[in-house]
Peer 1: 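My questions will all concern the structure given below.
Residue numbering restarts at 1 for every chain, and letters A, B, ... go by the order of the sequence lines. This one's a predicted model, so the numbers in the text were calculated from it and none came from an experiment.
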Amino acid sequence: MPNIKLPDGNQISFSKAVNGSQIAEKISSSLSKQALIMEVDGQLKDLSFLVEKDSTVKIFTSKNLEGVETIRHDTAHILAMAVQELFPGTQVTIGPVIENGFYYDFARKEPFTEDDLRKIEKQMLEIVDRDEITKREVWDREKAIKHFQKKGEIYKAQIIETIPENEEISIYFHGDWHDLCRGPHLSSTGKIGKYFKLMKVAGAYWRGDSNNEMLQRIYGTAWPSKKELDQYLKRLEEAEKRDHRKLGKEMDLFHFREESPGSVFWHHKGWKLFQKLVFYMREKQNHAGYDEINTPEILDRSLWEKSGHWEKFGDNMYTSTTPDEKVFAIKPMNCPGCVQVFNQGLKSYRDLPLKMSEFGKVHRYEPSGALHGLLRVRAFTQDDAHIFCTDEQITEECLSVTKLILDIYKDLGFENIILKYSDRPKVRVGEDDVWDKSEEALLKAMKKTGLEYSINNGEGAFYGPKIEFVLRDAIGRDWQCGTLQVDLNLPGRLGASYVDKDGTKKVPVMLHRALFGSLERFIGILIEHYSGKLPFWISPLQTMVIPVSDEFDDYAKIVNKELKGVGILSEVDLKNHNLNYKIREHSLKKIPLLLICGKKEVDSNTVTIRRLDSNKQENMQLKEFKNKFSLLSKAPI
RNA sequence: GCCCUGAUAGUUAAAUGGUAUAACAGAUCCAUGGUAAGGAUCAGUUUCCAGUUCAAUUCUGGGUCAGGGCACCA
């Protein structure tokens, strides 16, 4: 006699055990048609699950996230089914739901081709049309392992072996085809609908471990309706349009070449953008009490051995041997050099906190497969700083770093920030009790910020725990940028000390922090966030002066010169093209303001402004324009 | 580093076992123009190194780099 409690508070009583479909039908006939999956006392279940005792039940349709995810999960299963029908002998492994879709990993010698994907899609549609009923069975563990081993499904057998003892081994059937799965699933293959697409094939290690064999992963997307599928595909297209590698080329900002993979060749405009950001940061940091320093790029091996980098970070370091056989390393981090600056001269507790900033260019030998435009390079400039302080000052300094970071992100148009906290990694230097102290101090500071955070176990730096600042861009992607690390190890290893109140020498705490992280990477993110349409003050070319015809070249040249004179980044286009042509060209190059000069402007000593992405015309006295926009062209400090 | 896919004027693309095709950009000339392409005339050791072949940009092998992933990470 189960009493079923519904989310709206209503209760329905049944005279005997009922399944989800029957409950849905009782609620309304339209719900029974749309029902996909249900939740019984907080656990997701198949609609065929029999509810025997009093329970709270929620029914989900494709309007709920749970429903959509089940559609994706089922689509992954049907993908596996289709692959095994078309390519017998292929082993199935795992096929989880991911954001916007799913993937399935297969073990098969021959690679899947693009053509194969289209064939598989066809087969999947056929399976949907067959509308095979889903059946669930619970098997004995040993029976299941033997069964899958016998079938040649070695990976599935391995998965079963790792399922905890207290969990059921459930097998889902669609006709004869069956697979190990926790479930839940839709009631038949027809329920997933036809709005899915296989996107790409990729390699992926078994269990995500690079020591294991590589499987073939097929990625797919699935949605409840054609409209949603089309919207998703459209969004992907839009994201491609703002790819910083494409825009960087079009806007003439930078390029890469074979002679130095992962290192940027900055063109003039890209470098201007870079310098503007550095200038802005420098001012911000000066105001926040930092002293800028600069340290060598190449340092003797012995320093890296002392700091621990040689042992813990050596695989990522470039080294160099001189003609006289000395071994140097090109710095992968700025910290050891900075500690050496701190070590010069005696420091008193009165000097602390001492904040030293450095725009340090570092080199890291990243795995070739990791390189990705500006977002992952081998040579990059950090807006780095190291804060030397006492134990008691840690929390306050961490808070002031956080404030600075949030302030800067806001100026650059990012307001949506989350924090990620990472504690001690496996490969590390220092004693555990020192780590205990560092982790506690950093965690305390982070909680005090009141911002949303998540915890990543084991992902700290080798010398200390860290907070990472993750910002969300205009199209909802997350980028990890700033970082803040508490380090109780390196100062001691490199012999840093200060004289305390009582006259004894003490080892200072060192905080490592970067605001953008890497200037290169941040510029990549900025370009994508703004689709190349950078705010006026950061834009490396702010105005283009365009004469209506060559009769007005002289006036255009004067305007250009006057704008440059007040610090506006301006150029004049005297090429032999008509006005329409030039407007199109410079709009595509994303120049914020086009200034048109013709007879009207010459006679009245004005310019006509055309803003990027607007076809409105705005006439203004040249003098007024200069006053207004020279102010706007400056960084907001 | 690992898996898959690629590499052709400055850019984006097309084609072919036998002289490589176009658009745009660039240069020159004509048109002197009012808010997203006005018209005409001029350019590649087809990524590198081998091999097969009378002949390779095309087929085969290798290198390098790039793209999509995995692993790694700012």
Side-chain angles (χ1 to χ4, degrees), chain A residues 103 105 108 110-114 116-117 199-219 240 243 245-246 249-250 252 255-262 313 315-316 332-333 362 364-384 422 459 461 466 468-470 479-483 512 514-522 524-525 546-553 575-589 594-601 608-619:
Chain A
Y103 66 75
D105 286 349
R108 174 179 181 241
E110 301 74 33
F112 291 111
T113 63
E114 270 300 305
D116 290 340
L117 292 191
M199 307 297 285
K200 58 199 170 199
V201 201
Y205 297 108
W206 166 234
R207 295 203 153 131
D209 184 336
S210 56
N211 296 315
N212 291 343
E213 55 277 36
M214 188 153 276
L215 307 172
Q216 292 188 67
R217 175 171 297 178
I218 296 180
Y219 281 93
E240 218 169 289
D243 189 314
R245 294 166 298 186
K246 183 170 170 283
K249 206 179 270 174
E250 286 171 10
D252 192 19
H255 83 277
F256 289 91
R257 49 176 50 240
E258 290 191 10
E259 292 97 332
S260 190
F313 205 72
D315 288 349
N316 286 298
M333 295 187 195
V362 297
R364 296 183 188 173
Y365 192 72
E366 299 290 345
S368 57
L371 303 180
H372 183 93
L374 293 177
L375 301 182
R376 191 79 184 273
V377 290
R378 284 182 173 153
F380 59 99
T381 310
Q382 290 183 313
D383 52 348
D384 212 352
S422 305
E459 292 188 13
K466 65 179 176 186
E468 276 155 353
F469 294 80
V470 177
W479 303 100
Q480 185 193 307
C481 291
T483 171
H512 305 241
L515 309 176
F516 291 157
S518 139
L519 265 302
E520 284 78 358
R521 178 178 156 82
F522 195 81
I525 295 167
I546 305 175
V548 172
S549 75
D550 56 14
E551 200 182 320
F552 312 107
D553 280 3
K575 283 201 293 278
N576 190 14
H577 283 295
N578 64 27
L579 184 59
N580 279 352
Y581 182 94
K582 290 181 183 180
I583 286 176
R584 178 181 151 83
E585 186 191 358
H586 298 119
S587 297
L588 290 174
K589 295 235 160 157
L594 304 184
L595 303 182
I596 315 297
C597 300
K599 182 161 187 343
K600 209 166 68 190
E601 288 76 14
T608 296
I609 306 165
R610 186 197 158 109
R611 292 173 192 263
L612 184 56
D613 281 340
S614 155
N615 51 15
K616 278 196 208 119
Q617 297 172 39
E618 195 182 334
N619 191 258

Peer 1: Is a side-chain donor-acceptor pair under 3.5 Å present for Arg207(A) with Tyr205(A)?
Peer 2: no
Peer 1: Quick one: does Glu366(A) reach the base of A74(B) with a side-chain donor-acceptor pair under 3.5 Å?
Peer 2: yes
Peer 1: Is there a side-chain contact between Phe469(A) and Gln480(A) (heavy atoms, below 4.5 Å)?
Peer 2: no
Peer 1: The side chain of Lys600(A) lies closest to which of these nucleotides: U35(B), G34(B), A25(B)?
Peer 2: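 Taking heavy atoms from C-beta onward, the closest nucleotide is G34(B).
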Peer 1: Tell me the partner of G6(B), counting only Watson-Crick (N1-N3 plus N6-O4 or O6-N4) or G-U wobble (N1-O2 and O6-N3) with both under 3.5 Å; none if nothing fits.
Peer 2: C65(B)
Peer 1: Taking only side-chain N and O atoms of Tyr205(A), does any of them lie within less than 4.0 angstrom of OP1 or OP2 on C72(B)?
Peer 2: no
Peer 1: Ignoring backbone atoms, test whether Lys200(A) places a side-chain nitrogen or oxygen under 4.0 Å from the OP1 or OP2 oxygen of G68(B).
Peer 2: no
Peer 1: What interatomic distance, in whole Å, is found between C1' of U41(B) and the corresponding atom of U45(B)?
Peer 2: 27 Å
Peer 1: Sticking with atom P, work out how far A22(B) lies from U60(B), rounded to a whole angstrom.
Peer 2: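 The same atom, P, in both gives a distance of 28 Å.
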Peer 1: Reckon Glu110(A) touches a base, only the sugar-phosphate, or nothing at all at heavy-atom distances under 4.0 Å?
Peer 2: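 No contact.
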Peer 1: For nucleotides G34(B) and A25(B), find the distance between their C1' atoms and express it as a whole number of Å.
Peer 2: 25 Å
Peer 1: In whole angstroms, how far is the C1' atom of A66(B) from the CG atom of Leu374(A)?
Peer 2: 15 Å
Peer 1: Between Arg611(A) and Glu618(A), does any NZ, NE, NH1 or NH2 come within less than 4.0 Å of an OD or OE carboxylate oxygen?
Peer 2: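 Yes.
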Peer 1: Is any side-chain N or O of Arg378(A) under 3.5 Å from a base N or O of C73(B), one able to act as donor and the other as acceptor?
Peer 2: no
Peer 1: Under 3.5 Å, is there any donor-acceptor pair linking the side chain of Glu258(A) to the base of G63(B)?
Peer 2: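 A donor-acceptor contact between them is absent.
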Peer 1: Using the side-chain heavy atoms of Ile583(A), tell me which of these nucleotides is nearest: A36(B), G34(B), A71(B).
Peer 2: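 Of the options given, the side chain of Ile583(A) lies nearest A36(B).
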Peer 1: Quick one: look up who G44(B) pairs with, Watson-Crick or G-U, both distances under 3.5 Å, and put none if it's unpaired.
Peer 2: none
Peer 1: Looking for any heavy atom pair under 4.0 Å, which part of the strands does Ala204(A) touch: base, sugar-phosphate only, or nothing?
Peer 2: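 Sugar-phosphate, backbone atoms only, no base.
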Peer 1: At 4.0 Å (heavy atoms only), tell me whether Lys599(A) reaches a base, stays on the sugar-phosphate, or touches nothing.
Peer 2: base
Peer 1: Using the C1' atom in both, what is the distance from C59(B) to A71(B), to the nearest Å?
Peer 2: 35 Å
Peer 1: According to a strict under-4.0 Å criterion, is Ser210(A) in side-chain N/O contact with OP1 or OP2 of G1(B)?
Peer 2: no
Peer 1: If you look at every strand shown and take non-hydrogen atoms under 4.0 Å, does Val377(A) touch a base, only sugar-phosphate, or nothing?
Peer 2: base
Peer 1: Please determine if Lys466(A) and Glu468(A) form a salt bridge, counting it only when a charged side-chain N lies under 4.0 Å from a carboxylate O.
Peer 2: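 Yes.
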Peer 1: Verify whether one side chain among Asn578(A) and Asn580(A) offers a donor that lies under 3.5 Å from an acceptor in the other.
Peer 2: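 Side-chain D/A pair, Asn578(A) to Asn580(A): absent.
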Peer 1: Ignoring hydrogens and geometry beyond distance, is the side chain of Asn580(A) in donor-acceptor contact with the base of U35(B) at under 3.5 Å?
Peer 2: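 Side chain to base: no pair present.
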Peer 1: Checking the side chain of Arg108(A) only, and the main-chain atoms of Glu110(A) only, is there a donor and an acceptor separated by less than 3.5 Å?
Peer 2: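 Between the backbone of Glu110(A) and the side chain of Arg108(A) there is a qualifying donor-acceptor contact (under 3.5 Å).
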Peer 1: Is any side-chain N or O of His577(A) closer than 4.0 Å to OP1 or OP2 of G26(B)?
Peer 2: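 Yes, such a contact exists.
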Peer 1: Any donor-acceptor pair, under 3.5 Å, between the side chain of Arg584(A) and the base of A37(B), if you only look at N and O atoms?
Peer 2: yes
Peer 1: Tell me whether the OP1 or OP2 atom of C3(B) has a side-chain N or O from Arg217(A) closer than 4.0 Å.
Peer 2: no
Peer 1: Between His372(A) and G68(B), is there a side-chain N or O to OP1/OP2 distance below 4.0 Å?
Peer 2: yes
Peer 1: Categorize Pro261(A) for me: base, sugar-phosphate, or nothing, with a 4.0 angstrom heavy-atom threshold over every strand shown.
Peer 2: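 Contact class for Pro261(A): sugar-phosphate only.
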Peer 1: Return yes if the base of A66(B) and the side-chain atoms of Arg245(A) contain a donor-acceptor N/O pair under 3.5 Å, otherwise no.
Peer 2: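 Side chain to base: no pair present.
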Peer 1: Would you say Glu520(A)'s side chain and Thr381(A)'s backbone share a donor-acceptor pair under 3.5 angstrom?
Peer 2: yes
Peer 1: Given the C1' atoms of A37(B) and U46(B), what is the spacing between them in whole Å?
Peer 2: 29 Å
Peer 1: So what does Tyr219(A) hit on the nucleic acid, given a heavy-atom distance under 4.0 Å: a base, only sugar-phosphate, or nothing?
Peer 2: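 Answer is sugar-phosphate: Tyr219(A) comes under 4.0 Å of backbone atoms only.
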Peer 1: For a quick check of understanding: with a heavy-atom distance under 4.0 Å over all strands, which category does Gly482(A) fall into, base, sugar-phosphate or nothing?
Peer 2: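 Answer is nothing: Gly482(A) stays at 4.0 Å or more from every strand.
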Peer 1: Answer with base, sugar-phosphate or nothing: what part of the nucleic acid does Asp613(A) contact at a heavy-atom distance below 4.0 Å?
Peer 2: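 It contacts base atoms.
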Peer 1: Considering just the side-chain nitrogens and oxygens of Lys246(A), establish if one lies under 4.0 Å of OP1 or OP2 belonging to U12(B).
Peer 2: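 No, because none of the side-chain N or O atoms of Lys246(A) sits under 4.0 Å from OP1 or OP2 of U12(B).
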Peer 1: Compare the minimum distances between each of A71(B), A74(B), G34(B) and the side chain of Arg364(A), then state the nucleotide with the smallest one.
Peer 2: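 Selected nucleotide: A74(B).
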Peer 1: Applying a 4.0 Å non-hydrogen cut-off, can you work out what Glu468(A) is touching in the nucleic acid: base, sugar-phosphate, or nothing?
Peer 2: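 Since only primed, P, OP1 and OP2 atoms lie under 4.0 Å of Glu468(A), the category is sugar-phosphate.
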Peer 1: Under a 3.5 Å cut-off for both contacts, is G18(B) paired Watson-Crick or G-U wobble with anything, and if yes, with which nucleotide?
Peer 2: C54(B)
